[in-house]
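Structure, as structure tokens:
Along the sequence shown, residues carry numbers from 1. What you see is a predicted model; the values in this text were computed from it and never measured.
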Amino acid sequence: MNYYRDTWVEINLDNIAYNVKETVKLLPSKEKLFAVVKANAYGHGACAVAEAALGAGAHGLAVAFIDEALSLRKSAIAAPVLVLGASRPSDAGVAAEHHISLTVYQLEWLKQAQAYLSPEQTVKVHVKCDTGMGRLGVKTQEELKELVAFIDQSPQFIFEGLFTHFATADELDTAYFEDQLFKFTAMVESLEERPPYVHCANSAVSLRFKKAHFNAVRLGIAMYGLSPSDEIKPLLPFPLKPAFSLHTKIVHVKRMNKGEKVSYGATYEAQGDEWVATLPIGYADGWIRKLQGQEVLAAGCRVPIIGRICMDQCMIRLPYELPAGTTVTLIGRQCNEEITMDDIADRLATINYEVPCLITSRVPRVYKSKGEVLHIDNPLVR
Ligand code: PMH
């Protein structure tokens with residue numbers, strides 16, 4: 001396995017393991033941690049992250065849809081996998097076959113799915129409650145009871161979990177969170193019998209509110225070493241260690257004279273004699289055009305991206321002549337300088353979650369542990 005263009009993402013698996021272990025330490029012994037590895041583990045690589053998380057004490061995994069769950073199963077991951085999003089009733093059989101737990105929230109769905117299951121097939125289901133996210137879930141105790149009654153009388157469904165999701169757990173004002181928690185608690189208490197897993201905690205809740213853990217948490221962003229928000233960063237119980245860094249190498253260096261222009265639109269003009277380098281990364285890698293002007297690290301210095309970002313390349317202004325082959329860090333650390341995921345998110349007026357998801361699969365992921373490369377995922381030449 002290799003890659004043939006010097007642009008790569010490095011994933012520090014030790015940091016993933018550290019973030020999981022530190023979170024597990026905060027949980028009472030019977031509480032389970034589900035590592036949220038949807039969206040290719042927020043762009044980090046689902047299989048490698050899943051294995052690191054499971055090795056560090058995660059009990060199970062959570063994904064957005066069945067294809068993502070199957071991809072884990074294809075990699076011989078046998079741990080519990082929960083699909084958090086919607087599935088088609090007609091795919092219940094696939095879930096049964098591969099021991100994938102599904103999220104349910106409609107009686108009609110259960111009735112339809114049942115028709116697709118053979119009498120001996122069983123699907124584990126987690127009932128989702130909508131307590132204020134307004135996304136998926138049953139909204140009332142009556143709906144919940146109706147669903148649970150149907151599941152209980154059907155030999156093809158196993159009532160494995162009950163859950164909800166918070167809309168504002170990463171904010172300092174906790175009123176809306178408390179309201180959602182109150183509603184969820186009432187829904188849990190309305191049941192005669194609790195399923196094996198009752199869960200509502202995302203990263204922010206896992207790290208802030210022990211009282212809202214029930215008996216499982218779903219850890220996403222914090223596992224990747226990123227804070228759920230700037231607001232709650234000071235409240236985190238341990239310093240998170242980011243796992244994702246993005247690097248490239250200079251492929252060309254030239255002296256530009258005052259007045260010479262750079263890139264499409266010729267929008268950048270050298271103000272004097274300048275050293276300019278070309279980097280083999282562009283908007284098709286997810287290093288989008290809005291990042292024009294963003295700083296990157298070369299030889300431990302912060303230097304700006306100049307001119308428009310092209311599809312596969314962009315240009316930077318160097319502090320002095322550097323040779324082709326010099327490593328440039330776009331997200332991560334060089335010497336005493338660091339460009340964080342939050343820096344890039346701020347520049348793009350988005351959240352840190354979105355940034356690693358944006359970096360496309362044509363950028364190989366290089367997995368490292370104890371400073372050594374364990375393996376490389378490059379779908380282009382897989
Ligand atoms: N549970 C559910 C249902 C989720 O949708 C998510 C993240 C998590 C747990 C993990 O949250 P965390 O990363 O804050 O720990 N879902 C999303 C989302 O839909 N958009 O951004 C994050």
Contacts table for residues 104-116: side-chain donor-acceptor under 3.5 angstrom, sequence neighbours left out:
{"unit_1": "Trp109", "atom_1": "NE1", "unit_2": "Ser87", "atom_2": "O", "d": "2.7"}
{"unit_1": "Gln114", "atom_1": "NE2", "unit_2": "Ser154", "atom_2": "OG", "d": "2.9"}
{"unit_1": "Gln114", "atom_1": "NE2", "unit_2": "Gln156", "atom_2": "OE1", "d": "3.4"}

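- Listed by first and then second residue, the salt bridge (Lys or Arg N to Asp or Glu O under 4.0 Å) pairs involving residues 185-211 are Glu178-Lys211 (not counting sequence neighbours).
- When the side-chain hydrogen bond (donor to acceptor under 3.5 Å, both in side chains) test is applied to Glu97, no partner is found at least two apart in sequence or on another chain.
- Between His199 and Asn215 there is no side-chain heavy-atom pair separated by less than 4.5 Å.
- Ring geometry for His59 against Phe34 counts as perpendicular: the plane angle is over 60°, on a 0 to 90° scale with 30° as the lower cut.
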>> Between Ile316 and Glu295, is the side chain to side chain contact (heavy atoms under 4.5 Å, CB included) condition met? List the steps.
In response: CA-CA 9 Å; Ile316 57 174; Glu295 287 179 331; over 6 Å; no
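- Within the 4.5 Å cutoff, the side chain of Pro80 has no heavy atoms near those of the Ser101 side chain.
- Screening residues 13-42 for salt bridge (Lys or Arg N to Asp or Glu O under 4.0 Å) gives Glu22-Lys25 as the qualifying pairs, with residues at least two apart or on separate chains.
- Apart from Phe182 itself, the hydrophobic cluster it occupies contains nothing, where clustering links Ile, Leu, Val, Met, Phe, Trp and Tyr at side-chain heavy-atom distances under 4.5 Å.
- Residues Phe244 and Ile331 have side chains in contact (heavy-atom distance under 4.5 Å, counting atoms from C-beta outward).
- Looking only at side-chain heavy atoms (C-beta outward), Phe159 and Val148 come within less than 4.5 Å of each other.
- At a threshold of 4.5 Å between non-hydrogen side-chain atoms, the residues Leu348 and Leu358 count as touching.
- Under the rule for a salt bridge (Lys or Arg N to Asp or Glu O under 4.0 Å), the partners of Asp91 that lie at least two apart in sequence or sit in another chain are Arg88.
- Residue pairs meeting the ring-ring contact (aromatic ring centres under 6.0 Å, His included) criterion with at least one partner in residues 272-297, sequence neighbours excluded, do not occur; the list is empty.
- In this structure the side chain of Tyr18 reaches within 4.5 angstrom of the side chain of Pro239, judged on heavy atoms.
- The stretch residues 300-342 participates, sequence neighbours left out, in no ring-ring contact (aromatic ring centres under 6.0 Å, His included) pair at all.
- A donor-acceptor pair shorter than 3.5 Å can be found between the side chains of Lys254 and Thr278.
- Between Val81 and Val63, some side-chain heavy-atom pair lies under the 4.5 Å cut-off.
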>> Could you walk me through whether Thr7 and Lys249 satisfy the side chain to side chain donor-acceptor pair (under 3.5 Å) test, starting with their C-alpha distance in whole Å, then the side-chain angles of each, then the deciding distance to 0.1 Å, before giving a yes or no?
In response: CA-CA 7 Å; Thr7 295; Lys249 284 185 181 178; over 6 Å; no
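- Annotation for Leu102 and Ala92: closest pair CD1-CA, 4.4 Å, computed over non-hydrogen atoms.
- Residues meeting the side-chain hydrogen bond (donor to acceptor under 3.5 Å, both in side chains) test with Asn202, sequence neighbours left out: none.
- Applying the salt bridge (Lys or Arg N to Asp or Glu O under 4.0 Å) test to every pair with at least one member in residues 312-339, sequence neighbours left out, gives these pairs: Arg302-Glu337, Asp312-Arg362, Arg333-Glu338.
- For residues 68-78, there are no salt bridge (Lys or Arg N to Asp or Glu O under 4.0 Å) pairs, not counting sequence neighbours.
- By the rule that hydrophobic residues join a cluster once side-chain heavy atoms approach within less than 4.5 Å of another member, Leu54 and Tyr197 end up as members of separate clusters.
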>> Working note: Leu144 + Leu162, criterion side chain to side chain contact (heavy atoms under 4.5 Å, CB included); need CA distance, chi angles, decisive distance, verdict.
In response: CA-CA 10 Å; Leu144 172 63; Leu162 183 71; 3.5 Å; yes
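- Counting only residues at least two apart or in different chains, ring-ring contact (aromatic ring centres under 6.0 Å, His included) contacts with residues 206-235 comprise Tyr42-Tyr224, His44-Tyr224, Phe177-Phe209, Phe184-Phe214.
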> Can you list the steps and then say if Val303 with Val296 is a side chain to side chain contact (heavy atoms under 4.5 Å, CB included)?
Replying inline: CA-CA 5 Å; Val303 301; Val296 300; 3.6 Å; yes
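- Defined by atom type and a distance below 3.5 Å, a donor-acceptor pair is present between the side-chain atoms of Thr329 and His247.
- Counting only heavy atoms from C-beta outward, the side chains of Leu33 and Leu27 approach each other to under 4.5 Å.
- Using a cutoff of 4.0 Å between basic side-chain nitrogens and carboxylate oxygens, Lys183 and Asp179 are scored as salt-bridged.
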> Where do Met133 and Phe166 land on the side chain to side chain contact (heavy atoms under 4.5 Å, CB included) test, with the steps shown first?
Replying inline: CA-CA 6 Å; Met133 179 71 183; Phe166 292 106; over 6 Å; no
